Visitor: 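Provided herewith is a single structure, encoded as structure tokens, for subsequent inquiry.
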Amino acid sequence: MPELPEVETLRRGLAERLVGRTIAAVEVRLPKLFVQGDPTTLVGKQVAAIRRVAKFLVWEFADDWSLVLHLNLTGQIILQLPDGTRFAGGHPIPAFTVPLPHKTTRLLLTLDDGSWLALDDVRTFARAWLLPRPAAEAFLAAQRRGPDALLDPLDPATLSQQLRRHKRAPIKAVLLDQAFLAGVGNIYADEALFGAGIHPARPAGDLSETEVVRLLAEVRAVVQLAVQEGVARVRNGRAVPGAQLPRVHARRGEPCPRCRQPIVKTVVAQRGTYFCPVCQPLEAASPNSTTAIR
DNA sequence: AACTACTCCTGGAGGC
DNA sequence: TGCCTCCAGGAGTAGT
């Protein structure tokens with residue numbers, strides 16, 4: 001499922017290949033993909049820039065319109081270049097090498113150089129908004145959204161204060177809340193909690209200041225690593241063998257990379273959740289480790 | 001206000 | 001081989 005690193009990786013690859021290109025043809029295969037705007041008016045628009053805002057991919061056109069795209073759970077983009085090579089990203093199903101259009105292809109764009117782009121989405125949750133630039137910016141600004149997990153300063157004092165409002169909610173649920181931190185999803189929440197040695201079901205309000213600092217550092221580190229080294233690879237709920245990330249997510253029963261105890265799967269905040277029961281104890285950290293947040 | 005549960009949705013995996 | 005059931009979860013919303 002595309003989270004911040006997947007969207008950022010897509011953004012970089014698409015920007016490199018699409019800026020300056022003009023859309024020559026559009027085929028919409030799932031009309032409800034477009035919440036706002038008439039996709040047929042994409043024809044003739046020239047790509048000026050591709051930005052990322054949290055998990056939104058924002059295409060800016062030379063005529064001051066914007067295409068805002070959210071891949072949600074299972075969106076993926078495959079760009080096929082004139083020489084037949086592909087650049088792809090997002091959810092890994094169907095395989096990026098699948099013949100296109102696939103039955104899950106929801107949008108097809110043809111570019112003026114003969115390359116074409118498919119938006120595939122198995123579960124049809126992806127959404128698009130085609131809007132004049134000011135309306136698009138207003139739409140993005142209106143999203144309840146915390147600091148960007150990759151780009152914005154993650155101030156422990158500010159975020160600790162917010163955690164106080166979530167006294168009893170499991171820390172993982174708060175990490176998944178985009179209003180707290182933008183860009184973290186199920187995989188990287190598990191990874192950051194593992195890195196920080198914090199049990200995903202710990203009440204958010206019980207975390208010590210030290211733990212909050214450590215957790216924020218891990219969020220940033222995990223997201224940065226995923227962007228730099230290639231995204232966490234999970235297929236059909238299983239981690240792809242040999243991948244550096246994820247270390248615990250989708251690795252039930254596999255040895256913890258730190259202590260070799262088997263990784264456990266449970267459900268927290270209605271999400272499949274993986275953690276090491278030894279490295280991430282449910283009890284608050286040792287007594288000598290600072291005061292709990294009230 | 002904080003928190004939980006439900007709702008969209010369908011391909012793929014696993015059981016028999 | 002072919003049914004059938006279950007599972008995956010981002011984010012909005014309704015209910016407690």
Side-chain angles (χ1 to χ4, degrees), chain A residues 1-8 10 29-36 52-57 68-77 90-107 118-129 139-140 142-146 148-149 161-191 200-207 223 231-240 246 249-253 265-274 293-294:
Chain A
M1 54 308 305
E3 302 182 29
L4 186 156
E6 287 80 2
V7 178
E8 176 62 19
L10 255 180
R29 305 176 131 230
L30 182 76
K32 74 170 184 183
L33 170 65
F34 280 83
V35 178
Q36 281 181 281
R52 179 185 62 79
V53 177
K55 297 179 197 169
F56 292 94
L57 205 53
V68 179
L69 195 58
H70 198 302
L71 297 175
N72 253 299
L73 269 75
T74 55
Q76 65 168 218
I77 287 176
H91 190 70
I93 295 171
F96 295 148
T97 52
V98 74
L100 292 171
H102 186 255
K103 61 181 169 182
T104 60
T105 301
R106 313 304 184 191
L107 176 71
L119 171 70
D120 276 52
D121 181 20
V122 170
R123 272 167 258 170
T124 72
F125 290 154
R127 291 294 179 265
W129 298 259
F139 169 80
L140 291 167
Q143 304 290 316
R144 290 172 61 251
R145 204 173 56 229
D148 188 277
Q161 205 167 13
Q162 295 202 30
L163 285 179
R164 274 180 219 131
R165 287 204 282 271
H166 299 276
K167 253 181 139 64
R168 299 201 331 268
I171 182 61
K172 177 165 176 181
V174 180
L175 278 181
L176 293 176
D177 181 357
Q178 301 300 294
F180 175 71
L181 207 54
V184 177
N186 202 35
I187 294 176
Y188 298 106
D190 281 0
E191 294 302 304
R202 288 267 307 279
D206 286 359
L207 265 58
V223 167
V231 297
R233 304 197 32 225
V234 178
R235 279 183 72 92
N236 297 324
R238 297 265 172 85
V240 173
H249 187 89
R251 293 192 184 277
R252 170 165 50 182
K265 183 189 182 186
T266 181
V267 174
V268 176
Q270 285 82 53
R271 298 288 178 273
T273 297
Y274 302 80
I293 300 165
R294 251 182 321 129

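All heavy atoms count here, side chains included; hydrogens, waters and symmetry mates do not. Quick caveat, the model's predicted, so the values are computed rather than measured. Lettering of chains follows the sequences in order, A, B, ..., and the numbering in each one begins at 1.
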Visitor: Distance check needed: dG10(C) P versus Leu181(A) CG, whole Å only.
Guide: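 Between P of dG10(C) and CG of Leu181(A): 14 Å.
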Visitor: Measuring only between side-chain heavy atoms, which start at C-beta, is Thr273(A) closer than 4.5 Å to Asp190(A)?
Guide: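 Yes. Closest side-chain heavy atoms under 4.5 Å.
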Visitor: Just how far, in rounded Å, is P of dG11(B) from NE2 of His102(A)?
Guide: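 Spelled out: NE2 on His102(A) to P on dG11(B) is 8 Å.
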Visitor: Which whole-number value in Å describes the distance from His91(A) NE2 to dT10(B) C1'?
Guide: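 Rounded to the whole Å, the gap is 11 Å.
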Visitor: Rounding to an integer number of Å, can you tell me how far Ile187(A) CD1 sits from dA8(C) C1'?
Guide: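 Taking CD1 of Ile187(A) and C1' of dA8(C), I get 11 Å after rounding.
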Visitor: Residues in side-chain hydrogen bond (donor to acceptor under 3.5 Å, both in side chains) with Lys55(A), at least two apart?
Guide: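 Once residues adjacent in sequence are excluded, Lys55(A) has no partner under the side-chain hydrogen bond (donor to acceptor under 3.5 Å, both in side chains) criterion.
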Visitor: Using side-chain heavy atoms (C-beta onward) and a distance below 4.5 Å, is Leu163(A) in contact with Ile171(A)?
Guide: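 Side-chain contact under 4.5 Å: yes.
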Visitor: Take atom OH of Tyr274(A) and atom C1' of dA8(C), then tell me their distance rounded to the nearest Å.
Guide: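 Taking OH of Tyr274(A) and C1' of dA8(C), I get 9 Å after rounding.
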Visitor: Whether Lys32(A) contacts dC8(B) is assessed here as follows: a side-chain N or O lying under 4.0 Å from the phosphate OP1 or OP2. Is that the case?
Guide: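 Answer is no, no contact under 4.0 Å.
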Visitor: What's the spacing between Phe96(A) CZ and Gln76(A) CD if we round to 0.5 Å?
Guide: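 Between Phe96(A) CZ and Gln76(A) CD, I get 5.5 Å after rounding to 0.5 Å.
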Visitor: Can you tell me how far C1' of dA13(B) sits from CD1 of Ile93(A), to the nearest Å?
Guide: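 One finds 10 Å between C1' of dA13(B) and CD1 of Ile93(A), rounded.
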Visitor: Side-chain N or O of Gln178(A) versus OP1/OP2 of dG10(C): is the shortest distance under 4.0 Å?
Guide: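 It does not, given that no N or O in the side chain of Gln178(A) lies less than 4.0 Å from OP1 or OP2 of dG10(C).
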Visitor: Should His70(A) be listed as having a side-chain N or O under 4.0 Å from OP1 or OP2 of dG10(C)?
Guide: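 No, because none of the side-chain N or O atoms of His70(A) sits under 4.0 Å from OP1 or OP2 of dG10(C).
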Visitor: Applying ring pair (Phe, Tyr, Trp, His ring centres under 6.0 Å), name anything that partners Phe139(A), two or more places apart in sequence or on another chain.
Guide: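 Counting only residues at least two positions away or on another chain, Phe139(A) forms a ring pair (Phe, Tyr, Trp, His ring centres under 6.0 Å) with Phe56(A), Trp129(A).
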Visitor: Is there a side-chain contact between Asn72(A) and the phosphate of dA11(C), meaning an N or O under 4.0 Å from OP1 or OP2?
Guide: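 Answer no for this pair, as no side-chain N or O of Asn72(A) is under 4.0 Å from OP1 or OP2.
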Visitor: Return the residues of residues 121-128 of chain A meeting this criterion: a heavy atom under 4.0 Å from some atom of DNA chain C. Order them by number, or give none.
Guide: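 Under 4.0 Å from DNA chain C: Arg123(A), Phe125(A).
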Visitor: Please enumerate all protein N or O atoms sitting under 3.5 Å from an N or O of nucleotides 5-7 of chain B, with distances to 0.1 Å.
Guide:
{"from": "dA5(B)", "atom 1": "OP2", "to": "Gln270(A)", "atom 2": "NE2", "distance (Å)": "3.1"}

Visitor: Looking at every heavy atom in both Pro94(A) and Val122(A), which two are closest together, and how far apart are they?
Guide: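 Looks like CD-CG2, 4.2 Å.
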Visitor: When you check the phosphate oxygens OP1 and OP2 of dG12(C), does a side-chain N or O of Gln143(A) lie under 4.0 Å from one of them?
Guide: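 Checking dG12(C) against Gln143(A), a side-chain N or O does come within under 4.0 Å of OP1 or OP2.
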Visitor: How long is the line joining OH of Tyr188(A) and C1' of dG9(C), in whole Å?
Guide: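 Taking atom C1' of dG9(C) as the reference, OH of Tyr188(A) is at 15 Å.
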Visitor: Could you list the residues that satisfy side-chain hydrogen bond (donor to acceptor under 3.5 Å, both in side chains) with Arg52(A), not counting sequence neighbours?
Guide: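 Arg52(A): side-chain hydrogen bond (donor to acceptor under 3.5 Å, both in side chains) contacts with Glu8(A), Asp148(A).
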Visitor: Of all the heavy-atom pairs spanning Ala182(A) and Gly146(A), show the shortest one and how long it is.
Guide: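 In terms of heavy atoms, the two residues are closest at CB-O, 3.5 Å.
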Visitor: So Thr104(A), base contact, sugar-phosphate only, or nothing? Heavy-atom distance under 4.0 Å.
Guide: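 Touches sugar-phosphate only.
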Visitor: Which residues satisfy the ring pair (Phe, Tyr, Trp, His ring centres under 6.0 Å) test with His166(A), sequence neighbours excluded?
Guide: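 For His166(A) there are no ring pair (Phe, Tyr, Trp, His ring centres under 6.0 Å) partners, ignoring immediate neighbours.
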Visitor: Looking only at heavy atoms, what is the nearest atom pair of Arg29(A) and Pro101(A), with distance?
Guide: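 In terms of heavy atoms, the two residues are closest at NH2-CG, 3.5 Å.
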Visitor: Checking Leu73(A) now: which residues fulfil side chain to side chain contact (heavy atoms under 4.5 Å, CB included) with it, not counting sequence neighbours?
Guide: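 If we apply the side chain to side chain contact (heavy atoms under 4.5 Å, CB included) test to Leu73(A), skipping adjacent residues, the hits are Arg123(A), Phe125(A).
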Visitor: Can you tell me how far OG1 of Thr104(A) sits from NE2 of His91(A), rounded to the nearest 0.5 angstrom?
Guide: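 One finds 9.5 Å between NE2 of His91(A) and OG1 of Thr104(A).
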Visitor: Where do N or O atoms of nucleotides 3-6 of chain C meet protein N or O atoms at under 3.5 Å, pair by pair?
Guide:
none

Visitor: Distance from Leu30(A) atom CG to Arg127(A) atom CZ, nearest 0.5 Å?
Guide: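 Here the rounded value is 7.0 Å.
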Visitor: Considering only nitrogen or oxygen atoms on both sides, find all protein atoms under 3.5 Å from nucleotides 14-16 of chain C and state each distance.
Guide:
none

Visitor: Please give me the minimum heavy-atom distance between Ala189(A) and Leu176(A), naming the atom from each residue.
Guide: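 The answer is CB-CD2, 4.0 Å.
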Visitor: How far does the helix from dA2(B)-dT16(C) to dC16(B)-dG2(C) bend, going by the axes of its first and last five pairs, to the nearest 10°?
Guide: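 Computed from the C1' atoms at both ends, the axes differ by 50°.
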Visitor: Arg252(A): which residues meet the side-chain hydrogen bond (donor to acceptor under 3.5 Å, both in side chains) condition with it, sequence neighbours left out?
Guide: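 Partners of Arg252(A) under the side-chain hydrogen bond (donor to acceptor under 3.5 Å, both in side chains) test: none.
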Visitor: Let me confirm one number: the CG-CZ distance from Leu207(A) to Arg202(A), rounded to the nearest 0.5 Å.
Guide: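 Going from CG on Leu207(A) over to CZ on Arg202(A), the span is 5.0 Å.
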Visitor: If you define the side chain from C-beta out and look only at heavy atoms, does anything of Leu71(A) sit under 4.5 Å from Leu10(A)?
Guide: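 Sidechains of Leu10(A) and Leu71(A): in contact.
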Visitor: Enter the distance from Glu191(A):CD to Asn186(A):CG here, rounded to the nearest 0.5 Å.
Guide: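 So the CD of Glu191(A) and the CG of Asn186(A) are separated by 10.5 Å.
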Visitor: Please report, rounded to the nearest Å, how far the P atom of dG10(C) is from the CG atom of Leu71(A).
Guide: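 So the CG-P distance, Leu71(A) to dG10(C), works out to 12 Å.
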Visitor: Testing the basics here: between Asp120(A) and His102(A), what is the closest heavy-atom pair and its distance to 0.1 Å?
Guide: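 What the structure gives for the nearest pair is OD2-CB, 3.4 Å.
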Visitor: So which protein nitrogen or oxygen atoms get under 3.5 Å of nucleotides 1-3 of chain B's nitrogens or oxygens?
Guide:
{"from": "dC3(B)", "atom 1": "OP1", "to": "Lys167(A)", "atom 2": "N", "distance (Å)": "3.1"}
{"from": "dC3(B)", "atom 1": "OP1", "to": "Arg168(A)", "atom 2": "N", "distance (Å)": "2.7"}
{"from": "dC3(B)", "atom 1": "OP1", "to": "Ala169(A)", "atom 2": "N", "distance (Å)": "3.3"}
{"from": "dC3(B)", "atom 1": "OP2", "to": "Arg165(A)", "atom 2": "O", "distance (Å)": "3.4"}
{"from": "dC3(B)", "atom 1": "OP2", "to": "His166(A)", "atom 2": "ND1", "distance (Å)": "3.1"}

